[in-house]
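I have a structure I would like to understand better, so I am pasting it below and will then ask my questions one at a time.
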Amino acid sequence: FYSIIVNKDSYFKELSRYIHLNAVRAGLAKKPEQYPWSSYKIYLEKISKDDLVDCENLLDWIGGKDLKERQNAYQEFVNDGIDKKPDLPWVTKNSSHF
């Protein structure tokens, strides 16, 4: 078990991308929206919202003039990370996990 306080917006966004790309990096899906047990589709409103997922803060930090623009920007942000190693504090540059 390892915990890190999320105290920066940039880390929060990167952590969200890391979570949404776990299934892709594990080879369970080619795209994050293809993994059926992910909340990612809720962020993109490809399925109806539920009471467990609060997307507002993250989408607000992503920025954009309206909700659709923020969703598109978040999708682009996540997709940009598919072929990159995650930039997270617990993942070292020599890590062989990704």
Task: Flag side-chain contact, heavy atom, 4.5 Å: Glu69 against Asn72 - done: no

Open item on the list: Just checking Gln34: does its CD atom have more than 12 heavy atoms from other residues, nucleotides or ligands closer to it than 6.0 angstrom?
Closed with: yes

TODO: Mind listing the closest non-hydrogen atom pair of Glu33 and Gln75 along with its distance?
DONE: OE2-NE2, 4.1 Å

Task: Where Pro32 and Val24 come nearest, the two heavy atoms and their spacing - done: N-CG2, 3.4 Å

Task: Closest non-hydrogen atom pair between Tyr43 and Leu59, with its separation - done: O-CD1, 3.9 Å

TODO: Can you measure from NZ (Lys84) to CZ (Arg25) and round to the nearest 0.5 angstrom?
DONE: 10.0 Å

- [ ] For Leu21 and Val78, work out which heavy atoms get closest and say how close.
- [x] CD1-O, 3.5 Å

Open item on the list: Is it the case that over 12 heavy atoms from other parts of the model lie below 6.0 angstrom from the CG atom of Asp83?
Closed with: no

Task: With Glu56, the side-chain contact (heavy atoms from CB on, under 4.5 Å) member among Leu58, Asp54, Val53 - done: Asp54

Open item on the list: Between Ile62 and Leu15, is there shared hydrophobic-cluster membership here, with clusters defined by ILVMFWY side-chain heavy atoms closer than 4.5 Å?
Closed with: yes

Open item on the list: Assigning hydrophobic clusters by single linkage (Ile, Leu, Val, Met, Phe, Trp, Tyr; side-chain heavy-atom cutoff under 4.5 Å), is Ile19 placed with Leu28?
Closed with: no

- [ ] Look at the aromatic rings of Tyr74 and His20 and report parallel, tilted or perpendicular, splitting at 30° and 60°.
- [x] perpendicular

Task: Heavy-atom pair with the smallest gap, counting every atom of Gly63 and Ala73 - done: O-CB, 4.2 Å

Task: Heavy-atom closest contact (Phe77 atom, Lys13 atom, distance) - done: CE2-O, 3.3 Å

- [ ] Measure the CG-OG distance between Asn57 and Ser16 for me, rounded to the nearest 0.5 Å.
- [x] 11.5 Å

Open item on the list: As an exercise, state the distance from CG of Asn79 to NZ of Lys31, rounded to the nearest 0.5 Å.
Closed with: 7.5 Å

